[in-house]
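Side chains included, hydrogens not; waters and symmetry mates left out as well; all remaining heavy atoms used.
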Amino acid sequence: FIYLEDGYVTEQGDKQSVMARKAQVWNVFHAQEGLQLTRDGRATISPERLQEVWLFAACSVEDLESVICMFVTREVDRNQVLVKQGRVSDALYVVVGGVVESVAFDKDTDVDVPEAEGRVVAKFVPGQIFGEEGVVTSSPRPAERSWVVSNA
């Protein structure tokens with residue numbers, strides 16, 4: 001088992017020993033554990049994986065199974081804005097593939113323009129979940145931040 005990052009070997013050994021060390025690669029595998037992409041393009045998440053999100057930590061597996069039934073798979077394009085700065089986020093997002101960036105734009109920037117320049121303040125990779133706070137509070141995203149797909 002060899003794990004490469006930027007073309008360099010960062011971990012090697014059999015899978016069990018690498019995972020037992022909770023090495024860097026362990027974080028990648030753990031983040032994606034409980035996520036599945038079906039042949040028809042539908043993404044699913046296990047109730048156990050969802051329990052790792054603070055919002056769902058106290059929920060039973062049975063309750064989460066009924067919540068998961070309401071999830072919708074959304075395929076997005078590179079540079080697509082998911083939530084615009086200052087707008088209410090009414091969805092929780094689970095990254096299954098690609099990278100989503102939280103980008104700070106000047107307040108006068110038109111974020112719908114693909115060439116819009118902003119400052120990346122956070123990145124979300126497969127297995128990470130974001131947007132849950134807006135679902136709970138119905139409050140808008142901070143005025144200085146949007147979520148943009150950077151690598152679909």
Inset, instruction - Report the C-alpha distance between L92 and F71 in whole Å, list the side-chain angles of each, state the deciding distance to 0.1 Å, and finish with yes or no for side-chain contact (heavy atoms from CB on, under 4.5 Å). - result: CA-CA 9 Å; L92 172 145; F71 282 19; 4.3 Å; yes
Under a 4.5 Å cut-off applied to non-hydrogen side-chain atoms, are [X] and [Y] in contact?
{"X": "E48", "Y": "L64", "answer": "no"}
{"X": "V94", "Y": "R49", "answer": "no"}
{"X": "D63", "Y": "F56", "answer": "no"}
{"X": "P126", "Y": "V95", "answer": "yes"}
{"X": "V100", "Y": "F130", "answer": "yes"}
{"X": "I45", "Y": "I129", "answer": "yes"}

Inset, instruction - Report yes or no: does Q51 contribute a side-chain atom to a donor-acceptor pair with the main-chain N or O of C59 at less than 3.5 Å? - result: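 Checking the backbone N and O of C59 against the side chain of Q51, a donor-acceptor pair under 3.5 Å is found.
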Inset, instruction - Answer yes or no: is there a donor N or O on one side and an acceptor on the other, between the side chain of S102 and the main chain of V121, under 3.5 Å? - result: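 Side chain of S102 to backbone of V121, a donor-acceptor pair under 3.5 Å: no, none is there.
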Legend entry - Shared hydrophobic cluster for V53 and V61 (ILVMFWY, side-chain gaps under 4.5 Å):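 V53 and V61: separate clusters.
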Inset, instruction - List the atom of V96, the atom of A43, and the distance in Å for their closest heavy-atom pair. - result: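 Shortest heavy-atom separation between V96 and A43 comes out as CG2-CB, 3.6 Å.
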Legend entry - Shortest non-hydrogen contact from Q128 toward K123: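 Of all heavy-atom pairs spanning Q128 and K123, the closest is OE1-O, 3.4 Å.
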Inset, instruction - Drop me the distance from S66's OG to E62's CD, to the nearest 0.5 angstrom. - result: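 The CD atom of E62 is 9.5 Å from OG of S66, to the nearest 0.5 Å.
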